[in-house]
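Scope of the values below: all heavy atoms of this structure, side chains included, with no hydrogens, waters or symmetry mates. As the structure lists them, so they are numbered: ligands from 1, and atoms in each ligand from 1.
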Amino acid sequence: MKIDGVPYRTIWPAADGAVEILDQTLFPHRFEILRLTGLDEAAHAIRAMQVRGAPLIGATAAYGLALALRKDASDAGLASAAATLLATRPTAVNLHWALERMKAALAPLAPAERADAAWAEAAALCDEDVAINAAIGDHGLKIVEELAAKKAPGEPVRILTHCNAGWLATVDWGTATAPIYKAHDKGVPVEVWVDETRPRNQGAFLTAWELGRHGVPHKVIVDNAGGHLMQRGLVDMVIVGTDRTTARGDVCNKIGTYLKALAAHDNGVPFYVALPSPTIDFTVDDGFEIPIEERSGDEVSWLPGLTDAGDYTRVRLTPETSPAANPAFDVTPARLVTALVTERGVCPATREGIAGLFPERAAA
Ligand SMILES: CSC[C@H]1O[C@H](OP(=O)(O)O)[C@H](O)[C@@H]1O
């Protein structure tokens, strides 16, 4: 997407052979480009959430593997680098998917050919992510337009989203935000309720920033306000991303998503999940089998921010004697999902719905 008129992706190959990313731990107050020159930096970038979001995690792992193979392209080197990257975060299936795709493309090659081939495969994976998300935007746009047709002229479609499934969570466009950008760019009035998304505040820090840069009207709300807004008829649809969706349509996403789905179900608000196919895990049926990342309690106990003088700092929120628990994801059962918005169209959150759009994957 554009930042002050300049087109950006979240990750790209630099001319000197490094990989460059936007350091998302500094948003919204600082915009800094980070250079990744090796496996360890790529693994740290994922683990420390300098890059985050299921598709972007996969893309970073793909380039991380390409960087690693420059140093050791042997079978053992390939296996070791893939294992290092896989261990960075457990929930987003795109990490495993991307690494499996890279290994399938590279293993048959002679070691001397692997580094260049990995670089090309990582670039192709990124380009495909952009195309997938643009297609999700096109299919999701129809949903927004149908809601707009029911409103008074000029009255915005009010969309609630949780966490950041925006272009900052992908290579470009985003998943949940793609229909929003497409609608806004087409002149369909939209207004977005942005869940702050404690504790890492991906909504307040990232979604608000990217919507604002694109000129999309939005308001940041505390996570606990969504149910109240839905009860008052102030939400026309909810759309979120996902880190792993099972073959039967159970959706694993950022902690708090399940509570929004419950509130939407209770208030008759349609609840959509933007789902790029690399995020479907056909090997799992029951969402409760998905590993839920437990992150440091410090992310709950401390809040990063900018001082009045413009210096980055963090403040303690909780008593020093109070430990914190920090599960980073939850699972929304398929029964609470109105529909899945994929690059191949919109389908019910059912095994049949998903298999109908991706028969070749379901059958594999
Ligand atoms: C388009 S996937 C975005 C997905 O990833 C986020 O998790 P995290 O920021 O911890 O990587 C969140 O679950 C988003 O919905």
(message) For the residue pair Glu210 / Asn164, report whether a side-chain donor-acceptor contact shorter than 3.5 Å exists.
(response) yes
(message) If you apply the rule side chain to side chain contact (heavy atoms under 4.5 Å, CB included), what do you find for Ile21 with Tyr63, and how did you get there?
(response) CA-CA 11 Å; Ile21 61 170; Tyr63 270 119; over 6 Å; no
(request) Under the side chain to side chain contact (heavy atoms under 4.5 Å, CB included) rule, what do Thr91 and Ile290 come out as? Steps first, then yes or no, please. (result) CA-CA 7 Å; Thr91 304; Ile290 298 170; 4.1 Å; yes
Side chain, backbone, both or neither: the part of [X] lying under 4.0 Å from ligand 1 by heavy atom:
X: Arg89; answer: side chain
X: Met49; answer: side chain
X: Arg52; answer: both
X: Thr242; answer: backbone

(request) Work out whether the distance between some heavy atom of Thr175 and some atom of ligand 1 is less than 4.0 Å. (result) yes
(message) Would His162 count as being in polar contact with ligand 1, using the rule that some N or O on each side must be under 3.5 angstrom apart?
(response) no
(message) Pro55 versus ligand 1: do any nitrogen or oxygen atoms come within less than 3.5 Å of each other?
(response) no
Who's the nearest protein heavy-atom neighbour of [atom], and how far?
atom: atom 5 (O) of ligand 1; answer: Asp243 OD2, 3.0 Å
atom: atom 12 (C) of ligand 1; answer: Cys163 SG, 3.3 Å
atom: atom 3 (C) of ligand 1; answer: Asn164 O, 3.4 Å
atom: atom 15 (O) of ligand 1; answer: Asn253 OD1, 2.5 Å

(request) Sort and list the pairs that fulfil side-chain hydrogen bond (donor to acceptor under 3.5 Å, both in side chains) and have at least one residue in residues 196-205, not counting sequence neighbours. (result) Arg200-Glu299
(request) Provide the full list of side-chain hydrogen bond (donor to acceptor under 3.5 Å, both in side chains) pairs with a residue in residues 98-108, sequence neighbours left out, each pair given once. (result) Glu100-Lys103, Arg101-Glu121, Arg101-Glu128
(request) Would you mind listing which atoms of ligand 1 come within a distance below 4.0 Å of any non-hydrogen atom of Gln202? (result) 8 (P), 9 (O), 10 (O)
(message) Take a 6.0 Å sphere around CD of Glu360 and say whether it holds more than 12 heavy atoms from other residues, nucleotides or ligands.
(response) yes
(request) Check Asn94, Asp281, Asp250 against Arg244 for a side-chain hydrogen bond (donor to acceptor under 3.5 Å, both in side chains) and give me the one that passes. (result) Asp281
(request) Taking the side chain as every heavy atom from C-beta outward, state whether Trp167 and Arg9 have any pair of such atoms under 4.5 Å apart. (result) no
